[in-house]
Each structure stands twice: as structure tokens, then as C-alpha cells.
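Below is one structure, written out as C-alpha cells, with a few remarks after it.
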Amino acid sequence: MGKQIKIFDTTLRDGEQSPGCSMNLQEKVQMAKQLENLKVDVIEAGFAIASKEDFISVKEIAKQIKDCTVASLARALPKDIDAAWDAVKYAKKPRIHTFIATSDIHMKHKLRMKPKKVIENAVKMVKYAKGYCEDIEFSAEDATRSNLEFLTKIYEEVIEAGATVINIPDTVGYTTPDEFFNFISYIKKNVSNIHKAEISVHCHNDLGMAVANTIAAAKAGATQIECTINGIGERAGNAALEEIVMALNTRKDFFNYNCDIDTTEIMRSSKLLSAITGVQVQPNKAIVGVNAFAHESGIHQHGVLQESSTYEIMKPETIGLSQNKMVLGKHSGRHAFEDRLKELGYNLSKDELSNAFKQFKDLTDKKKVVYNRDIEALITNKVMEIPEIYKLDRFVINSGNTITAIASVKLINNNKEIEDASNGDGPVDAAFKAIDKIVGLEYDLEDYSLNSVTEGKDAQGEAIVKIIKDGKMYTGRGLSTDIVESSIKAYLSAINKMLHEIVLEDEKRIS
Ligand code: KIV
Ligand code: ZN
């Protein structure tokens, strides 16, 4: 039996801080539930003091998650710790995660505090948090650029004050595997009371070494690993959960470590996150990129067909990629569809199933064969459903390479049909402008992208649209075999999210 490694997922905190990855309450709860299916040990649900929305989402996740520890981040300040506790106290297993910077650069320029004062604050705040909660994690921000003797002292004192986990972050992604191995070994050897706390590491990917550094730290004695789905996070991101877990899993012969992650949930977690944030992983991304299990060259294809282990070190099924090549089509019935959904790991309610089956049937009218990826796209699209304040009724586009594109769009709002038209720089731009006229609010289009879900002329096009209003970003996703329609649906979905939030804010103000 190997050493047990705990997986601390910070997708909803550090990950959510990365550009373009913000999520609303419903999306965060959805993601947290998927992390629970994935069986992570700890979910860092957010930074409760950061905003009202952060506080509410940490609290809601704390209420809904039963199997994982739920943590909130807090600076070493009483008001942060109060907010963190007020939000996580509903959890079955709550944790307060407090931090203070310890490098000379941060203490001098950011905190403007002397090292002695930093230790005093850290100790005081760990004791303060301990008054609320048994499970306290302490992080020394920018640890890898801190003085090792000073770090040893602060860790010793916070453990004495009650910290149950001490986290050693490589905040700016500066360290290297060998250096970090020695760093962790030093702390393990020199912090006299280290046996009373768990050693955690948290690596950023600025030099592309976050996963390697994390694994080196585990070899030196770290037993908690902080990471994010798809490696999202500040700047170049955090260590990617799927890469660490699959490295430990695939090379168990070498590492001999265990973790409780259900690897068959990896792909679903990655796709859900991409669907929610609209941020796709690069095609050649290890484990979850679309090419990670694709074999292009004839020699490789031949080898894999003879014996998959020739070029595959992991089985696609291990990460939840279905091997089932059977396609569904026009003549597939409800049972076949339901069976496929089960195989893909989706357990829908009766209503959800009826709705999904209707969408599947609509799709088979437009597309000869429906692949698993099409079905997954339909379901993840549903996951993000929010009230359709504006619903597309129909659109007509007149476009060509020698004429100005003109779009006429009819939407339904409150059972009323509203139609408007606009010209634009191409059909999508014209349609968006017509919608803007109908909605009549100020917001900016931040990003627009289009991907094909599967191959072929009749493939579904998936559009992702990001709009910004008052500094907040709203991501919409639309799916159709017609790319103008998927773009319009994505734009409306982002607008509906924005309007839904405005309605909720108004309701809160009135009550
Ligand atoms: O990168 C970092 O140092 C952090 C800490 C707050 C843990 O995210
Ligand atoms: Zn971080």
C-alpha cells in the first residue's frame, strides 16, 4: 500500500481568478458537485471576503457538498476570517485557509511589515481562526522566494498555534523540481513539530513546471497537492489536477502513491469547466486535449490497432473517454438514447431526459450521425440553462461577399414578439446588432469564438460569446449545425445571464 496523497482543488478560487474564467453562483455549484463526483478531498470554494457573490457561492457550496472538505481563503485579518467562517460553517467538513506573504519582496513592498510582525499576525490569526474551526490551513505566500530559516520559524509557530495543514506555495512559478524537492525536505527536517501538520504544496505554472514541481514535492514528503481542473489559475495557471493524478496513476510502479480520485470523471470535469467558462484547452494538452488520445500517423495507427499499448500509456476509458464508436441517428429511439446517456455517465431526471431527447431528435433531423461528443455537447449546454428572458423565434440573413450583410431577428420576451433589423460587418455582426436594438442596454462584446464539436460538413458548431457589463463578464454558449444560429444562441445566452443577474439584484434590493 503506497502513501496517500490528498487532492485539494482550487478551480473555484485560484482558477476562477484567471482571466475569462469567472463563473456565476449556479455554475460554481454545478462545478463543485462535479468535483465531488471526481472525489477530490478538499474543494476551495472561493475567497469569501472578496465580494458578496463570492461569499454566497462559498456558503451555497458548503451547504450542498457532503463528501469533501470545503475551504474558504482568508487573508490573515479578522474580517477575512469572520467572512470565511460565516460562509464555510455550513459544511460537513469546514476549513479556513488563511495566508500571509513571507518573502522579503512581498513583506517589504506589499505588506510593508517587518518579519517579526508577519509572524505575530500569522500566529494571532491562526489562533483566531482556530476559535471557529478545527481544520486550519496556513499558507506562506511566495514561500519559494522566502528565507528558509524564517519560513521554518513561521511554520513552527503556526503549527503550535493550531494549524493542521501548512501550505508551501510557489506563488510565482519560480522554483524547479530539484530545488523544490530540497526545499520541502528542508522544511520537513527542520520544522520541529511538522508531525502535527500535513504538508501541502501549491504550484503555479509560469515556467511550465507546476506539475513537475508538485510531484517532486510529493516525493519529498508533501501529502496534500493543490491543483485545478485544466490547470486554470492566476497568470499561466496552477498545476493541472488531471496531469498530476494521471502521472501518479500511470506511474504507480515508480511513485507508489494513492489518491481517491475517480479518474473516470476527469474528462467530464474538464469538459464541464470548458463549457461553463468558454475557455477550451489546447488540442495537445496532456490528458484532456482532443489530440491526447488521437493517433495521426499511419505507423502509430497501425500499432494501436494491433495492440493499444504500443503508443498508448493510458487507456482512454481510465479518464472517462468512451470507446464506444457506435453512432446514433434518425432511427435511434428513446431507449438507445437513454442507454447512451447512462454509458456517458449522465443521470438525468425524467423531465431533463424528455427535453434532451427532443433536442437529440431535432439534431438528427439536421445531422446524419450523432456522436458521443454531440450528445455530451447537448447535455453540457443544458447544464448552463438559465431562464430564457429573450428567446430566439427566427432570424433571416441576407449576406454575400459583394453586399452588406443584413439581419432581421425576431425574439420572444414575456410572450411578446419583438423584431428588429440591422446591417453589419458579416452575418453574425448584423444579427448581434439587431439583438442589441431589441435588448436596448449597454454592454460590450468581449470575445467570440466558434468550434466544431465533431468532424464533417454537418458538424455542430459551438459558439462561445463573452459580454461585459459594468466590469462583469457573462459567458454564453450556443450549439447548432448552423453557425449563425449557434452564434445568436450564444449571444442570447450571455445576455440572458446578464439580465437574470440584474433581476436577482433588483429582487434582493427590494426584499
Ligand atoms: O499562489 C498562492 O500563493 C496562493 C495562496 C493564497 C495559497 O494562491
Ligand atoms: Zn495560487
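The first residue in the sequence is number 1, and the count goes up from there. In this text the structure is predicted, and so the values were computed from the model without any measurement.
In this structure, Ile225 and His202 have side chains that are not in contact, with every pair of non-hydrogen atoms separated by 4.5 Å or more. Two residues are said to be in side-chain contact when any heavy atoms from C-beta on lie closer than 4.5 Å; Glu16 and Cys21 fail this criterion. Between Leu378 and Leu479 the shortest side-chain heavy-atom distance falls below 4.5 Å. Considering only heavy atoms from C-beta on, Ile7 comes within 4.5 Å of Cys227 through its side chain. Between Thr264 and Thr318, the closest side-chain pair of non-hydrogen atoms is not below 4.5 Å. By the 4.5 Å heavy-atom criterion applied to side chains, Ile159 and Ile166 are counted as neighbours.
Side-chain atoms of Asp374 and Gln460 include a donor-acceptor pair closer than 3.5 Å. Asp142 and Thr171 share no side-chain donor-acceptor pair at under 3.5 Å. Judged purely by distance below 3.5 Å, without hydrogens or angles, the side chains of Ser139 and Asn167 pair a donor atom with an acceptor atom. With 3.5 Å as the limit, one finds no donor-acceptor pair spanning the side chains of Glu226 and Thr10. Under the 3.5 Å distance criterion, with hydrogens and angles disregarded, a donor-acceptor pair is assigned to the side chains of Ser51 and Asp54. In this structure, a donor-acceptor pair under 3.5 Å is present between the side chains of Ser270 and Asn230. Remark: the Lys285 side chain and the Asn291 side chain contain no N/O donor-acceptor pair separated by less than 3.5 Å. Side-chain contact annotation: Ser349 with Asp351, donor-acceptor N/O pair under 3.5 Å absent. A donor atom on one side chain and an acceptor atom on the other are found under 3.5 Å apart for Asp14 and Asn238. For the residue pair Ser354 and Arg334, a side-chain donor N or O sits within less than 3.5 Å of a side-chain acceptor on the partner. If you check the side chains of Ser103 and Ser146, you find no donor sitting under 3.5 Å from an acceptor.
Lys342 has no carboxylate O lying under 4.0 Å from a charged side-chain N of Asp339, or vice versa, which leaves the two without a salt bridge. The residues Asp135 and Lys93 are annotated as not salt-bridged, no charged nitrogen and carboxylate oxygen being separated by less than 4.0 angstrom. Ionic pairing of Asp362 and Lys358 is present here: one or more N-O contacts between side-chain nitrogen and carboxylate oxygen are shorter than 4.0 angstrom. Between Arg477 and Glu462 a salt bridge is recorded (basic side-chain N to carboxylate O distance below 4.0 Å). Salt bridge present: Asp253 and Arg251 bring a charged side-chain N and a carboxylate O closer than 4.0 Å. Remark: Glu501 engages Lys472 in a salt bridge, criterion side-chain N to carboxylate O under 4.0 Å. Salt bridge annotation for Glu265-Arg268: present, with a cationic side-chain nitrogen under 4.0 angstrom from a carboxylate oxygen. In this structure, Asp86 does not pair ionically with Lys59, as no charged nitrogen and carboxylate oxygen lie closer than 4.0 Å. Of the charged side-chain nitrogens involved, at least one lies within less than 4.0 Å of a carboxylate oxygen, so that Arg75 and Asp80 count as a salt-bridged pair. We find that Glu141 and Lys110 are joined by a salt bridge, their nearest charged nitrogen and carboxylate oxygen being less than 4.0 Å apart. Classification of Lys28 and Glu60 as a salt-bridged pair fails, no side-chain N sitting under 4.0 Å from a carboxylate O. Between Glu44 and Arg95 no salt bridge is recorded (no basic side-chain N to carboxylate O distance below 4.0 Å). Using a 4.0 Å cut-off between charged side-chain N and carboxylate O, Lys6 and Glu198 make a salt bridge.
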Item to check | Step-by-step side chain to side chain contact (heavy atoms under 4.5 Å, CB included) determination, Ser72 to His97 | outcome: CA-CA 6 Å; Ser72 170; His97 175 193; over 6 Å; no
Item to check | Trace of the side chain to side chain contact (heavy atoms under 4.5 Å, CB included) decision for Glu137 with Thr98 | outcome: CA-CA 6 Å; Glu137 174 165 339; Thr98 187; over 6 Å; no
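Side-chain N or O atoms of Lys66 include one that pairs as donor or acceptor with a backbone N or O of Lys63 at under 3.5 Å. Checked by atom type and distance alone, the side chain of Gln4 never pairs as donor or acceptor with a backbone atom of Tyr257 at under 3.5 Å. Put simply, the side chain of Glu27 gets close to the backbone of Asn24: a donor and an acceptor are under 3.5 Å apart. Using modelled atom types, one side-chain atom of Lys497 and one backbone atom of Thr475 make a donor-acceptor pair closer than 3.5 Å. Counting only distance, with no hydrogens or angles, the side chain of Asp262 and the backbone of Lys39 share no donor-acceptor pair below 3.5 Å. Between the side chain of Lys3 and the backbone N or O of Ala218, at least one donor-acceptor pair lies under 3.5 Å. For Ser480 (side chain) and Ile483 (main-chain N/O), no donor-acceptor pair under 3.5 Å exists by modelled atom type.
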